[in-house]
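Okay, handing you the structure first.
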There are 4 protein chains.
Amino acid sequence: MSVQKSAAPGKTHPDATRRSERSRRAIYDAALTLVGEVGYPKTTIEAIAARAGVGKQTIYRWWSSKADVLLEAFLDLGEQAAQAAGQESHAIPDTGDLAADLKAVLRATVDELRDPKFEAPSRALAAEGVVNEELGRVFVTKLLEPSLQLYVDRLRSAQEAGDIRPDVDPRIALELFVSPLAQRWLQHTAPFSYDYTDTLVDYALYGLAPR
Amino acid sequence: MSVQKSAAPGKTHPDATRRSERSRRAIYDAALTLVGEVGYPKTTIEAIAARAGVGKQTIYRWWSSKADVLLEAFLDLGEQAAQAAGQESHAIPDTGDLAADLKAVLRATVDELRDPKFEAPSRALAAEGVVNEELGRVFVTKLLEPSLQLYVDRLRSAQEAGDIRPDVDPRIALELFVSPLAQRWLQHTAPFSYDYTDTLVDYALYGLAPR
Amino acid sequence: MSVQKSAAPGKTHPDATRRSERSRRAIYDAALTLVGEVGYPKTTIEAIAARAGVGKQTIYRWWSSKADVLLEAFLDLGEQAAQAAGQESHAIPDTGDLAADLKAVLRATVDELRDPKFEAPSRALAAEGVVNEELGRVFVTKLLEPSLQLYVDRLRSAQEAGDIRPDVDPRIALELFVSPLAQRWLQHTAPFSYDYTDTLVDYALYGLAPR
Amino acid sequence: MSVQKSAAPGKTHPDATRRSERSRRAIYDAALTLVGEVGYPKTTIEAIAARAGVGKQTIYRWWSSKADVLLEAFLDLGEQAAQAAGQESHAIPDTGDLAADLKAVLRATVDELRDPKFEAPSRALAAEGVVNEELGRVFVTKLLEPSLQLYVDRLRSAQEAGDIRPDVDPRIALELFVSPLAQRWLQHTAPFSYDYTDTLVDYALYGLAPR
DNA sequence: ACGTAAGCGAGACGGTACGTCGTGTCTTCGG
DNA sequence: CCGAAGACACGACGTACCGTCTCGCTTACGT
């Protein structure tokens with residue numbers, strides 16, 4: 001996968017120093033636009049090349065598949081957004097009130113998942129990752145886990161403050177409220193709302209059984 | 001979508017009474033087999049037709065897409081499995097020990113998700129459902145929700161027994177342990193084990209905060 | 001070929017006495033109309049059946065091919081025209097002036113060949129006959145030769161009158177003026193006119209060499 | 001039609017300078033071979049492509065129809081034969097004896113029409129030309145008329161020599177012996193022989209009426 | 001008069017070929 | 001010497017007809 005940093009053992013990339021930055025950007029833009037317009041399955045490499053004003057070979061030279069192009073385009077989009085947002089931290093706030101902090105972050109996540117600009121490509125990537133293990137691995141590693149790690153950090157801090165039982169595994173704990181939201185979004189099993197995410201946090205923190 | 005009960009407003013199906021049961025079965029078998037053998041993306045309608053000994057048109061006559069064929073084939077597989085299992089109830093056991101009951105069911109689910117016979121087609125359908133809302137809707141309605149309803153029933157019973165707080169919404173509550181498992185399976189975010197599902201049940205029932 | 005009267009040695013026709021005259025007529029009409037409208041190659045048996053309000057099998061029951069249907073339809077058209085024209089003889093007039101008689105008949109032929117009602121089907125049949133020897137044989141036997149025989153008769157009469165050399169073979173002689181006209185019509189090698197057919201008769205009767 | 005020289009007003013051909021000569025030749029060969037083997041109607045574009053080891057698209061890129069492919073293949077065959085024959089003139093011999101010269105050429109024509117190598121494709125093209133005016137036009141222009149022009153030349157020479165009446169139109173005169181032969185061949189109206197063509201020349205030159 | 005067997009309209013079926021589109025490779029040519 | 005342009009072999013698409021095969025349903029015999 002092109003995303004890897006280390007040199008692939010097989011055929012290596014051409015000289016990256018001579019690469020046209022112009023083309024790279026145009027391809028990212030075209031790919032994201034097309035996925036938004038016609039959906040992932042109808043987005044073709046030929047169309048991306050045509051829209052980007054680029055030869056097909058220029059795409060095949062640097063990426064191995066449509067999914068690969070889109071994945072890098074999406075990563076790039078994220079980086080750009082991050083830079084645009086300046087140094088605004090992605091860390092989860094730590095006001096001392098764990099429930100409130102988690103609810104706030106999940107509400108922000110709800111908003112983000114509803115942003116149509118991100119929806120089409122991220123949904124496409126998630127779907128491809130379900131079926132294509134290689135891409136899925138990269139998707140999780142590069143995009144998903146870094147986000148989840150923020151929850152791990154906040155939960156550890158809560159453990160130190162005594163708000164979470166010390167024997168709880170934060171990496172599993174975060175799934176109690178993150179995964180339900182993810183599933184509702186991915187599989188349209190049910191709509192989501194602020195109320196819903198708030199409830200998730202309450203249930204997760206205090207459990208279902210009577211205290 | 002062929003799965004719909006109501007007559008479609010657009011072009012209607014041909015006379016279903018004259019339909020060849022033989023062909024229908026052969027197509028289901030071929031579709032499931034091929035998805036298992038070469039994966040969903042490389043499964044083509046031409047190959048299904050050839051393998052089933054059927055004209056392509058016979059597929060296009062009754063289904064609107066590859067995804068539609070596979071969905072029905074999978075539904076049919078489920079029905080057959082259900083019938084084969086006779087009246088053996090799918091209900092979640094109710095021994096009075098809620099945690100034990102849930103852990104047992106989730107362990108069984110883990111086993112099922114690992115069964116390669118079911119994995120390829122269900123993964124394919126789930127992925128398609130992520131990106132194709134119409135199919136996703138049917139997938140959820142016909143396959144997912146009926147299974148989830150069983151948890152709702154068991155949780156309600158637990159509420160009556162006083163094992164779950166009465167103000168808890170069972171439909172949301174079940175997501176605390178089902179969705180994390182689903183996400184690990186779908187997105188390969190992390191491997192799953194009996195330990196993991198046991199932990200999920202414990203966290204969900206008793207919460208993360210100190211009691 | 002269905003046109004044959006004698007029972008074919010192989011599979012025999014179904015009971016002809018129960019045949020639906022209504023369907024037969026409707027099929028002839030539909031076939032001729034369609035050939036006129038969309039041309040022979042785009043005329044399909046399915047379309048003929050649909051247009052005639054007839055099941056496909058009713059066509060396959062009585063005819064062996066599209067060409068066969070059209071041939072019979074055209075023969076029937078000719079018979080109908082003949083009957084409509086009453087007993088008006090098709091014989092070539094014999095006024096005693098051979099050249100004038102031939103010119104008159106050829107002028108009538110020119111008119112007929114230009115009648116669009118006849119053009120499409122007869123052109124289609126002629127073309128099919130070029131490539132399909134079996135049909136070509138029937139076409140020539142049933143349609144072409146009977147017409148040519150009329151010229152043979154007239155030329156023989158002229159031989160008796162001393163207007164044609166007695167050693168001339170009339171069957172060959174008629175081709176001197178009939179075939180050129182046929183070729184111009186069939187192959188669009190050149191347009192035809194009354195002048196042209198008059199010239200043909202003159203050349204044929206008196207030769208090219210100085211007298 | 002691809003044969004046209006002028007740029008078509010509609011969609012234009014792709015860049016002809018990059019065209020694969022190899023493919024072109026292989027397609028010609030495959031087309032002619034297949035027409036010879038299975039006949040024109042059973043010759044499919046798919047089969048031509050497969051036999052030629054070529055993608056279907058490469059055929060559709062350069063030709064508009066099966067007939068068009070075959071026409072060019074046949075024209076090419078003629079050109080190759082012409083080149084192979086070197087500068088050997090195609091002109092009709094002029095020994096001074098017009099009748100003998102014509103008889104000789106017609107006898108050669110009879111032989112050529114019987115050559116199975118030429119028969120299948122030329123018959124197929126002629127048939128197609130009967131029904132498809134556009135192709136017919138090209139067929140006549142490129143193949144038929146150039147041959148007929150040779151007769152025009154010889155007849156004019158005969159006129160200068162006084163062997164043909166000066167008021168005779170050579171373009172019409174040649175049809176007296178060429179068209180009958182053509183019709184017998186095309187429509188199987190009757191078999192042909194050297195005797196027959198000899199007779200045609202005699203009748204045509206000296207007429208049917210007593211001298 | 002009444003089955004019963006045929007022709008009939010209808011149309012689903014297994015196939016073949018169509019003409020188009022996209023893939024990934026390869027070659028040509030211009031900046 | 002990279003990159004745009006695009007021709008190429010390949011293969012799947014979804015459609016159109018082919019010719020065969022049931023389906024009921026008349027319709028007309030032959031007992």
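Protein chains get the first letters and strands the later ones, always in sequence-line order, with residue 1 at the start of each.
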(request) Report yes if at least one side-chain N or O of Ser65(C) is closer than 4.0 Å to OP1 or OP2 of dG19(F); otherwise report no. (result) no
(request) Of all the heavy-atom pairs spanning Leu135(B) and Leu125(B), show the shortest one and how long it is. (result) CD2-O, 3.8 Å
(message) Students often get this wrong, so: under 4.0 angstrom with heavy atoms, is Arg61(D) touching a base, only sugar-phosphate, or nothing?
(response) base
(message) Taking atom types as they are modelled, would you say the side chain of Arg18(D) forms a donor-acceptor pair with the base of dA5(F) within the 3.5 Å cutoff?
(response) yes
(message) Just N and O in the side chain of Thr44(B): are any of them under 4.0 Å from OP1 or OP2 of dG11(F)?
(response) no
(request) Just compare dG7(E), dG14(F), dT27(E) and give me whichever is closest to any side-chain atom of Asp15(C). (result) dG7(E)
(request) Please figure out whether Gly53(C) or Ala47(A) has its closest DNA chain E nucleotide nearer the 5' end. (result) Gly53(C)
(request) Return the value, rounded to whole Å, for the distance between atom CD1 of Ile45(C) and atom C1' of dA16(F). (result) 14 Å
(message) If I take atom CG in residue Leu34(D) and atom C1' in nucleotide dT16(E), what distance separates them, rounded to the nearest angstrom?
(response) 15 Å
(message) Please pick, from dA12(F), dG6(F), dT20(F), the nucleotide with the shortest atom-to-atom distance to any side-chain atom of Glu46(B).
(response) dA12(F)
(request) Kindly say if Ser20(A) contacts the phosphate of dC2(F), meaning a side-chain N or O under 4.0 Å from OP1 or OP2. (result) no
(request) Using a strict cut-off of less than 4.0 Å between a Lys/Arg side-chain nitrogen and an Asp/Glu carboxylate oxygen, indicate whether Glu21(B) and Arg24(B) qualify as a salt bridge. (result) yes
(request) Identify, between Gln57(D) and Gln57(C), the residue whose nearest nucleotide on DNA chain F lies closer to the 5' end. (result) Gln57(D)
(request) Assess Lys66(A) against Tyr40(A): is NZ or CZ under 6.0 Å from the centre of the six-membered ring, and within 45 degrees of the ring's axis? (result) yes
(message) Looking only at the side chain of Thr58(B) (C-beta and beyond, no hydrogens), which of the listed nucleotides dG14(E), dC18(E), dC23(F) gets closest?
(response) dG14(E)
(request) Determine: side-chain N/O of Trp63(C) to OP1/OP2 of dG19(F), distance under 4.0 Å, yes or no. (result) no
(message) At less than 4.0 Å, is any side-chain N or O atom of Trp62(A) found next to OP1 or OP2 of dC2(F)? Yes or no.
(response) no
(message) Mind checking if Thr17(B) touches a base, just sugar-phosphate, or nothing, with heavy atoms under 4.0 Å?
(response) nothing
(message) Looking at Glu46(B) and Arg51(B), is any side-chain nitrogen of the basic one under 4.0 Å from a carboxylate oxygen of the acidic one?
(response) no
(request) Report the residue (Lys56(C) or Ala52(C)) whose heavy-atom-nearest nucleotide on DNA chain E is the more 5′ of the two. (result) Ala52(C)
(request) Tell me, please, whether Trp62(C) has Arg25(C) positioned over its six-membered ring: NZ or CZ under 6.0 Å from the ring centre and within 45 degrees of its axis? (result) no
